[in-house]
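Accompanying notes for the structure given below.
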Protein chains: 2
Amino acid sequence: MDEAFSEEPGRQTQRSSASVTLEDVARVAGVTAMTVSRALHRPELVRSETQKRVLDAVRMTGYVPNMLAGALASNKSRLVALLLPTIATSIFTDTVQAMMDSLAASGYQTLLGLTGYSATREEELVHTLLGRRPDGIVLTGTDHTPLTLERLSKAKVPIVEIWDLTDDPIDMLVGFSHEAVGAAVARHLLAKGYQRFGVVSADDPRGLRRSHSVIWELQRHGVDHVPIEVLKAPATLQTGREGLIRMLKTGLPEVLVCSTDTLAQGILIEAASRGMNVPHDVAVMGFGDLNTAAHLHPALSTVRVDGPAVGTTAAEALLSRFNAKALEETAVLRVDVGFKIIDRESVAGYR
Amino acid sequence: MDEAFSEEPGRQTQRSSASVTLEDVARVAGVTAMTVSRALHRPELVRSETQKRVLDAVRMTGYVPNMLAGALASNKSRLVALLLPTIATSIFTDTVQAMMDSLAASGYQTLLGLTGYSATREEELVHTLLGRRPDGIVLTGTDHTPLTLERLSKAKVPIVEIWDLTDDPIDMLVGFSHEAVGAAVARHLLAKGYQRFGVVSADDPRGLRRSHSVIWELQRHGVDHVPIEVLKAPATLQTGREGLIRMLKTGLPEVLVCSTDTLAQGILIEAASRGMNVPHDVAVMGFGDLNTAAHLHPALSTVRVDGPAVGTTAAEALLSRFNAKALEETAVLRVDVGFKIIDRESVAGYR
DNA sequence: CTGTTAGCGCCTTCAA
DNA sequence: TTGAAGGCGCTAACAG
């Protein structure tokens with residue numbers, strides 16, 4: 001090879017995998033790296049003709065900004081960490097979709113972590129996710145281990161807790177009271193004249209609180225001996241079927257209150273497979289408005305929670321924090337998105 | 001203040017938000033930053049007594065490794081980008097859960113992007129996600145814009161396409177043939193003696209291919225005039241109800257084939273609300289095994305796809321690539337996970 | 001087994 | 001409106 005010696009060996013440590021850099025673009029455009037950076041992020045600071053040259057160079061080279069480097073240098077990752085118990089149950093999907101849409105529209109990307117309703121797992125995930133230096137963190141629920149809280153406060157990252165309410169949020173909060181849901185459900189069913197109740201619950205923290213709140217409120221109204229079946233989280237249709245089967249053994253009440261629509265639908269399936277008539281043989285109450293208000297099952301009532309609202313509100317809360325210049329303009333956010341009980345009588349008025 | 005002058009102003013550009021660095025830990029442990037780094041990532045290279053001192057220092061300082069810096073320096077982000085059409089429909093949730101579990105177990109985090117079944121949106125997402133320099137990318141489906149393909153090939157990142165099969169995958173592939181699904185469904189139903197068919201489909205690419213394949217196969221067997229209702233993606237229970245309503249207008253067949261279990265369940269709900277008897281008045285066939293095989297609705301048949309297997313296989317494919325030293329040991333992966341038709345007759349044998 | 005040196009690719013700051 | 005210098009926090013490579 002004639003050109004064998006044209007290879008400049010040098011010390012050549014750390015060859016990146018030949019990815020195009022700002023400098024490469026700059027060379028092609030005949031400017032400095034700094035000007036390219038400006039043209040890309042603050043075009044108003046660059047002469048429009050330069051701007052054009054830079055954009056052409058970007059196109060020619062196929063430059064993809066290295067956000068790892070950008071984040072390191074600017075101390076802004078444009079990353080939001082989202083911690084969810086699970087995506088196996090559709091109860092959170094609307095929230096996630098809405099949140100990610102809002103964030104993406106503002107140039108933020110989402111790091112997802114699944115905790116499986118385990119506070120310990122959440123603790124680990126918070127730790128590793130903090131390693132990415134996210135600009136914001138979204139946590140599901142308000143129960144966290146002491147270590148989680150310590151790490152979060154140390155990190156000084158904007159935080160939104162969602163899907164629950166508490167008097168001492170870590171930072172911002174978008175949710176509703178699960179106790180209030182349970183109590184409202186109990187009163188709703190009492191008002192309808194039901195007297196014998198049963199509860200089928202997944203053993204996730206918030207589901208249990210809703211379920212127990214139903215029972216407490218019933219007791220307050222003189223209804224004792226409300227049987228409860230607690231089933232493994234996450235709730236699935238199968239879990240729901242199992243719930244009905246167990247309830248049948250202990251004696252079927254007039255109405256079954258479920259911690260989640262998925263359980264409720266499972267119960268409907270099991271009931272159908274046994275030729276039972278819902279709500280005649282047993283009425284079923286769900287939770288979450290998992291496609292329910294709009295798609296109300298003829299035999300199912302439920303509690304509607306506005307999942308998308310939770311997502312957009314949480315996203316906007318974070319975004320406003322990101323854009324706040326001074327600490328003074330950072331609003332304290334605490335939103336109760338509320339909920340609404342939906343059944344055949346109310347659904348017409350609902351949409 | 002006596003110590004006002006003890007503040008060393010210097011040039012002090014770019015104060016980070018006071019986060020603990022390797023150097024801080026090193027100082028406390030009485031070693032160099034490099035030794036701390038080793039103690040954390042390659043403990044076998046460090047004397048165990050040093051190791052202990054370092055870990056103590058880490059604990060005392062509350063050090064959280066900055067993975068942005070680590071990724072930049074090592075050219076390994078330990079990030080996997082996952083592009084999904086949507087999480088609104090539960091069809092992908094098992095896959096996601098399984099994949100994230102596998103990846104997390106190996107220290108990889110997941111960046112999520114939702115395309116909404118839009119190739120253009122996918123194109124944008126691939127671009128921005130590539131900015132994070134992920135070590136691997138998982139794409140849903142095999143249809144991508146030319147620009148997407150160009151960017152991906154330029155990035156030289158390991159890629160797995162999931163939930164479909166093709167003869168020219170970008171890189172690795174874990175899925176099944178949607179044409180084969182449709183044809184198998186058609187033959188299955190013909191064998192059962194059905195003669196009048198209808199198809200209800202969401203208008204997502206793979207759903208449509210399954211649906212059309214059903215119709216083609218029926219035609220091959222002499223069944224013409226199979227009506228199809230195409231509804232907006234993503235499929236919801238409400239969409240399913242709408243599907244049945246439309247089908248009732250054009251005349252109800254003996255069996256309705258749905259592109260997804262969600263649609264099928266919506267149809268069951270609408271049927272129930274009209275007092276119709278499934279499968280007597282109309283039989284319903286779903287797809288996806290969304291809780292179905294294990295929780296078989298008495299009136300529903302479906303096609304089981306092993307979602308978790310797709311997830312773990314994809315994750316393991318990526319991981320083996322990440323761990324491969326040489327190009328030669330990187331396996332070409334092309335897995336057909338297959339599928340299975342499930343109905344009341346076969347479900348007993350199924351699990 | 002541990003330390004030193006030299007970047008990774010970008011952005012902040014200051015100077016022109 | 002543009003450029004030059006320096007550093008973000010970490011790790012590869014080499015030296016001891």
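Keep in mind that this is a model prediction, so the values were computed, not measured. Lettering follows sequence order; numbering is per chain, from 1.
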Quiz item: Does a nitrogen or oxygen in the side chain of A:T50 sit under 4.0 Å from OP1 or OP2 of D:dT2?
Solution: yes

Quiz item: Would you call A:R59 and A:D56 a salt bridge, taking side-chain N to carboxylate O under 4.0 Å as the test?
Solution: yes

Practice problem: Could you work out which one of D:dT1, C:dC1, C:dC10 sits closest to the side chain of A:N66? | Solution: C:dC10

Practice problem: State which residues pass salt bridge (Lys or Arg N to Asp or Glu O under 4.0 Å) with B:D135; sequence neighbours excluded, sorted by chain then number. | Solution: none

Practice problem: Give A:L72 one of three labels, base, sugar-phosphate or nothing, depending on what nucleic acid heavy atoms sit under 4.0 Å from its own. | Solution: base

Quiz item: Parallel, tilted or perpendicular: which describes the rings of A:F92 and A:W163, with under 30° parallel and over 60° perpendicular?
Solution: perpendicular

Exercise. Choose from C:dT12, D:dG7, D:dT11 the nucleotide whose nearest atom is closest to any side-chain atom of B:L22.
Key: D:dT11

Quiz item: What is the distance, rounded to the nearest whole Å, between atom CD of B:E23 and atom C1' of C:dG3?
Solution: 12 Å

Exercise. Quickly work out the A:L68 CG to D:dC10 P distance and round it to whole Å.
Key: 14 Å

Self-check item: Between D:dC10 (C1') and B:Y63 (OH): distance, integer Å
Solution: 7 Å

Quiz item: So, A:R27 and A:D24, do they make that salt bridge, N to O below 4.0 Å?
Solution: yes

Exercise. List in chain and number order the residues that pass salt bridge (Lys or Arg N to Asp or Glu O under 4.0 Å) with A:E124, two or more places apart in sequence or in another chain; answer none if no residue qualifies.
Key: A:R121

Quiz prompt | A:T110 (side chain) donor-acceptor with B:L112 (main chain) under 3.5 angstrom | solution = no

Quiz item: If you check the A:A73 side chain, which of D:dT2, D:dG7, D:dG9 turns out closest?
Solution: D:dG7

Donor-acceptor contacts under 3.5 Å from residues 29-49 of chain A side chains, at least two apart:
none

Quiz item: Of all residues at least two apart in sequence or in a different chain, which pass the ring pair (Phe, Tyr, Trp, His ring centres under 6.0 Å) check with A:Y108?
Solution: A:F322

Quiz item: Is a donor on one side and an acceptor on the other found under 3.5 Å between the side chain of B:T148 and the backbone of B:H144?
Solution: no

Exercise. Note the angle between the end axes of the helix from C:dC1-D:dG16 to C:dA16-D:dT1, five pairs defining each, rounded to 10 degrees.
Key: 30°

Quiz item: Taking CG from B:L45 and P from D:dC14, how many angstroms apart are they, rounded to a whole number?
Solution: 16 Å

Exercise. Find the distance A:H41:NE2 to C:dC11:C1' and express it as a whole number of Å.
Key: 9 Å

Quiz item: Roughly, in whole Å, what's the span from CZ in B:R78 to P in D:dT11?
Solution: 11 Å

Quiz item: When you measure from every atom of DNA chain D, which of residues 29-40 of chain A have a heavy atom less than 4.0 Å away?
Solution: A:V31, A:T32, A:M34, A:T35, A:R38

